[in-house]
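Bear in mind the structure is a predicted one, so any value in this text is a computation, not a measurement. What's counted below: heavy atoms across the whole structure, side chains too, no hydrogens, waters or symmetry copies.
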Amino acid sequence: MVFNRRAYFEEAENIPSNPSVSAPIGEIIERRYSRRGFLKDAGTAGLGVAAIGAMNPLAAAIAAESGSLDRFAFDEIAHGVDTTHHVAEGYDAEVLIRWGDPLFADAPELDPLNQSADAQERQFGYNNDYVGFVPLDGNPDHGLLVVNHEYTNEELMFPGLPGPLDEHDFTGLTREMVEIEQAAHGLSVVEIQREGGKWQYLKDSRYNRRITPRSTEMAISGPAAGDALLKTGADPSGKKVIGTLNNCAGGTTPWGTVLSCEENIHYYFMGDPAGHPNAGLLERYGIPAMGYAWGRYDDRFDIAKEPFESNRFGWVVEIDPRDPTSMPIKRTALGRFKHEAAANVVSGDGRLVVYMGDDQRFDYLYKFVTRDPVDTASPANNRDLLDHGTLYVARFNADGGVAWLPLVHGQGPLTAENGFASQAEVLIKARLAGDALGATPMDRPEDVEANPETGRVYVMLTNNTERTEDQVDAANPRADNTFGHIVEVVTEGGDHTASRDRWEILVKCGDPSRAEVGALWNPATSENGWFAAPDNCAIDHRGRLWVATDQGSNWAKSGTADGVWALETQGERRGTGKMFFRVPLGAEMCGPCFSPDDSALFVAVQHPASDGTEAYAGREGRPSTFEDPATRWPDFQDGMPPRPSLVVITRRGGGAIG
């Protein structure tokens, strides 16, 4: 069987690396709601605000805000699985740019039989994930898209790739292929514009740029810069690194830079960790996972040849898309882990707060609070804002409180005696610091978004199939939690810098018609309004929450493909989902990102024809790979393999989305 890159990622993510004995978030939710279901308190349309308040004061405050109105006006689409995408009636969804599209006049069109690394560095990259929109000249119809390229699927990229392949056998992967993969990772910056109602990307724009782990030099800044654990033979200073990889979600700052998150860095390293000077740290981060052949041809990714190179990945990278000559910067003050998000919000005192999830089962939720306020008058003065501040990790308490625990050297257990010689080591070993502080292990915290108007923060918890029966009971039957849930963190008075907040469950995902799933939705949710495995999310400029999903091959269990759902967070319809967009078979839904006037929604269709395609009717036993034009999918034309794409959704006739 041909190796499926995505299936391997799914399996690796299912292995917890956290030995902490702290209570999982599912166990705490169970204790908190051991005698009632959340939506019986807050979501039942027949309950008045007073009745809700008698049982749940937080839910009462939410319910009082917007009554029973449906704030989403579109007619939802239906669940299903097929080989094309679908969008709500009255909207158009068009491909804006795809893997291999040329960004420059001298770049060739994609030819899957004649690829090169140099060409790929001039073309749009692979597997687009986070999308950030930075307007130009204050115009909502003209701006820069900054797009993460998370990883590559060799079995789909390279026609005729021989097999079988697995995580330890890279038969057929040549040095040239590895360099093409490296060139397809990283980010793309692309100028886009709407003219005559249609969006298009501008080839050969002076802003267009590729940032890759093959060739882009980056600075390392903040408290860990220059630490011995970041020094290598190629960089004895510990302050420069080539590239960024496995860039997943991210965030856009108030001053117009983009924060790109390095997530599953462990896949890229190979070698024997036995006797390694970094052995304990490597184990906690799952390194080496040997998921790519890069270490065969690039010594940086062999832990025996470069013992500390892996410590130079797992950070948040800041990019200035308006200056194509600028050097990206890895901001070490935000900690090192499998970053899934870097959503940021300006708190009441003017300081910036960045919320981040560590995307692995039983890992943690973090936030970073800057030392200084954002300078809104002079954006250039924010250049080093993210180098100074405090990183916190979350402990979710059974009484509904969240305690934010500072990761500060010398405080509590974070001392040299416990293996943290300096603040630099606290940040490099952020996972171990979270273990020592007793943070709450979560069910794969992915994207995190803050609503600047309400002070509420939404945490996407994708799934945790490692949870066991003894961690739940009948009030929260989520053992083998395939479908995930969403937690809402509520700040006091919108103060995101506070050390204590409150929390509630917004929804528990999955099909509510199947009792064994244990889903919790507002009863107003239709048969198409529920979803599974929340991953990325966005809050539009009217304060409404939109959720994108990533079920992996588990779509075969839910019976529906991934997509984008509107999710009500206020009033009597709180906890009501509504399906807006659906991806083709085998794809994951990433993005989403709204234009400044909400008239366009940019979504990333990642790895089509990958996840679970063997389960699709008529394809049983056929590998999810592209080998030659005779076996292509019927809707992939001209001998092309499946191409990850960036799609723009607009309302016919104009107007805001939703």
Side-chain angles (χ1 to χ4, degrees), residues 5-6 81-87 91-103 107-112 115 120 122-133 144-153 155-157 159 183-194 198-203 208 210 247-249 535-536 538 548-550 561-564 580-595 600-611 613 624 626 632-650 657:
R5 161 69 57 203
R6 175 60 181 171
V81 183
D82 57 36
T83 59
T84 190
H85 66 238
H86 300 266
V87 70
Y91 293 85
D92 292 315
E94 299 180 304
V95 173
L96 178 63
I97 191 169
R98 304 164 298 177
W99 164 52
D101 282 345
L103 298 182
E109 296 284 347
L110 175 66
D111 179 353
Q115 300 183 59
Q120 178 63 84
R122 309 287 284 172
Q123 298 166 328
F124 192 70
Y126 201 83
N127 273 346
N128 29 247
D129 197 294
Y130 175 76
V131 181
F133 184 98
L144 303 176
L145 285 185
V146 184
V147 183
N148 283 350
H149 300 298
E150 186 178 2
Y151 67 95
T152 49
N153 295 74
E155 77 279 10
L156 298 176
M157 287 181 70
H185 278 67
L187 298 95
S188 292
V189 180
V190 187
E191 183 179 359
I192 62 170
Q193 190 167 15
R194 176 156 50 187
K198 185 176 178 64
W199 286 93
Q200 59 185 351
Y201 84 92
L202 305 184
K203 186 164 68 172
N208 289 359
R210 282 300 319 283
N247 302 77
C248 200
D535 185 339
N536 296 135
T549 63
D550 174 18
D562 287 315
V564 176
F580 182 69
F581 180 81
R582 199 178 82 210
V583 297
L585 171 66
E588 168 189 349
M589 185 79 270
C590 298
C593 172
F594 287 90
S595 63
L601 174 60
F602 302 95
V603 294
V605 177
Q606 190 180 106
H607 58 71
S610 178
D611 280 342
T613 53
S624 55
F626 176 85
R632 68 177 180 266
W633 288 72
D635 52 329
F636 295 128
Q637 301 300 318
D638 303 322
M640 283 290 183
R643 297 173 74 178
S645 301
L646 196 66
V647 173
V648 57
I649 301 171
T650 55
I657 300 291

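Among residues two or more places apart in sequence or in another chain, the side-chain hydrogen bond (donor to acceptor under 3.5 Å, both in side chains) test is passed with Gln123 by none. When the ring-ring contact (aromatic ring centres under 6.0 Å, His included) test is applied to His85, the partners found at least two apart in sequence or on another chain are Phe581. For Tyr91, the ring-ring contact (aromatic ring centres under 6.0 Å, His included) partners two or more places apart in sequence, or in a different chain, are Phe580. Checked against side-chain contact (heavy atoms from CB on, under 4.5 Å), Arg98 has the following partners two or more places apart in sequence or in another chain: Val95, Asp101, Arg643, Ser645. Every residue meeting the side-chain hydrogen bond (donor to acceptor under 3.5 Å, both in side chains) condition with Arg194, not counting sequence neighbours, appears here in chain and number order: Asp141, Ser599. Scanning for salt bridge (Lys or Arg N to Asp or Glu O under 4.0 Å) contacts around Arg210 gives an empty result, with sequence neighbours left out. Remark: Asn148 pairs with Ser260 by the side-chain hydrogen bond (donor to acceptor under 3.5 Å, both in side chains) rule, at least two apart or across chains. Listed by chain and number, the residues in a side-chain contact (heavy atoms from CB on, under 4.5 Å) with Lys203 are Pro102, Tyr201 (sequence neighbours excluded). Scored by the side-chain contact (heavy atoms from CB on, under 4.5 Å) test, Gln200 finds Glu195, Leu202 as partners (sequence neighbours excluded). With sequence neighbours left out, Gln115 forms a side-chain hydrogen bond (donor to acceptor under 3.5 Å, both in side chains) with no residue at all.
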Run Phe133 and Leu145 through side-chain contact (heavy atoms from CB on, under 4.5 Å) and show every step you take.
CA-CA 5 Å; Phe133 184 98; Leu145 285 185; 3.8 Å; yes

Full working for side-chain contact (heavy atoms from CB on, under 4.5 Å) between Val190 and Val147
CA-CA 8 Å; Val190 187; Val147 183; 5.6 Å; no

Is there a side-chain contact (heavy atoms from CB on, under 4.5 Å) between His149 and Asn127 once you walk through the steps?
CA-CA 5 Å; His149 300 298; Asn127 273 346; 5.9 Å; no

Passes side-chain contact (heavy atoms from CB on, under 4.5 Å), Arg122 versus Leu103? Steps please.
CA-CA 6 Å; Arg122 309 287 284 172; Leu103 298 182; over 6 Å; no

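Nearest heavy-atom pair, Cys248 versus Asp129, reported as atom, atom and distance to 0.1 Å: O-OD1, 3.3 Å. The heavy-atom pair separating Ala93 from Ile649 by the smallest distance is CB-CG1, 4.0 Å. Closest non-hydrogen pair, Val131 versus Cys593, comes out as O-CB, 3.3 Å. Residues Leu156 and Pro642 share a closest heavy-atom pair of CD2-CG, 4.3 Å. The two residues Asn128 and Cys590 come nearest to each other via the heavy atoms O-CB, 3.9 Å.
A 4.5 Å side-chain heavy-atom check between Pro584 and Thr83 finds every atom pair outside the cut-off. With contacts defined as side-chain heavy-atom distances shorter than 4.5 Å, the pair Asn247/His185 does not qualify.
Atom CZ of Phe124 sits about 8.0 Å away from atom CG of Leu96, to the nearest 0.5 Å. For the atom pair OG1 (Thr549) and CG (Asn536), the distance works out to 9.5 Å, reported to the nearest 0.5 Å. Atoms CG and CH2, on Asn153 and Trp99 in that order, are 9.5 Å from each other to the nearest 0.5 Å. A distance of 8.0 Å separates CD1 in Ile192 from CG in Leu646, rounded to the nearest 0.5 Å.
Classification of the His607-Tyr151 ring pair by plane angle, with boundaries at 30° and 60°, yields tilted.
When each of Met589, Arg582, Gln606 is checked for a side-chain contact (heavy atoms from CB on, under 4.5 Å) with Asp562, only Met589 meets the rule.
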